[in-house]
Amino acid sequence: MKQQEINATIIIKSPDEVDSNRGKISAQQARLGDYLPDLQTVIDTARYFRDAGFNVRPRQNCINIAGSTTQFEAMFGVQFGQQMDMDGVGYRYVPELLKDILVRIIFPGLWSHA
């Protein structure tokens with residue numbers, strides 16, 4: 001049985017970036033362009049996902065990744081078909097490297113949280 005490939009957009013910020021350019025907003029309200037991570041953060045985050053086996057396309061201030069449902073479930077500790085709550089169960093599975101920089105994960109057509 002072939003795994004379904006899933007695409008996601010990862011909104012990230014620099015570790016020292018406190019507020020978005022729209023001020024204090026929740027992760028669920030974050031949109032593309034709200035945070036402006038430095039180039040090294042984009043490179044390091046893209047490399048992390050690439051090394052984890054995802055197909056990675058860095059953009060100016062976010063990263064698009066693609067992978068199988070199994071890869072996403074293993075990375076974030078969730079089961080597709082269940083709601084992913086990054087403030088609860090799912091957030092515990094965010095890799096340590098990403099905890100200070102990951103703002104939101106957008107899964108077009110499925111669900112989105114972070």
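Neither Ile43 nor Leu98 shares a network with the other; the hydrophobic side chains, linked directly or stepwise wherever heavy atoms of I, L, V, M, F, W or Y lie under 4.5 Å apart, form separate groups for each.
Side-chain contact between Ile12 and Tyr35: absent, with no pair of heavy atoms (C-beta onward) separated by less than 4.5 Å. Put simply, the side chain of Ile63 does not reach to within 4.5 Å of the side chain of Arg59, judged on heavy atoms. Put simply, the side chain of Asn7 does not reach to within 4.5 Å of the side chain of Ile65, judged on heavy atoms.
Rounding to the nearest 0.5 Å places CZ of Phe54 at 4.5 Å from CE of Met75. To the nearest 0.5 Å, the span separating CD1 on Ile106 from CD1 on Ile10 amounts to 8.5 Å. The distance from the CG atom of Asp38 to the CD atom of Glu17 is 8.5 Å, given to the nearest 0.5 Å. Residue Ile11 holds its CD1 atom at 7.0 Å from SG of Cys62, rounded to the nearest 0.5 Å.
Nearest heavy atom pair, residue Ser14 against residue Leu36, reads OG-O, 4.1 Å. Contact detail for Asp34 and Arg22: the closest heavy-atom pair is OD2-NH2, 2.8 Å. The two residues Val103 and Ala30 make their nearest non-hydrogen contact at CG1-CB, 3.7 Å. The two residues Gln71 and Gly53 make their nearest non-hydrogen contact at NE2-O, 2.7 Å. Nearest heavy atoms, Asp19 versus Lys24: OD1-CG, 3.3 Å. Minimum heavy-atom separation, Asn55 to Glu5: ND2-OE1, 3.9 Å.
Between the Thr41 side chain and the Pro37 main chain, no donor and acceptor come within less than 3.5 Å of each other.
Thr9 meets the side chain to side chain donor-acceptor pair (under 3.5 Å) test with Asn64; sequence neighbours excluded.
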task = Would you sort out whether Val42 and Asn61 count as a side-chain contact (heavy atoms from CB on, under 4.5 Å), showing the intermediate values?
result = CA-CA 7 Å; Val42 174; Asn61 53 9; over 6 Å; no
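The environment of Gln40 atom CD is dense: over 12 non-hydrogen atoms of other residues, nucleotides or ligands sit within 6.0 angstrom.
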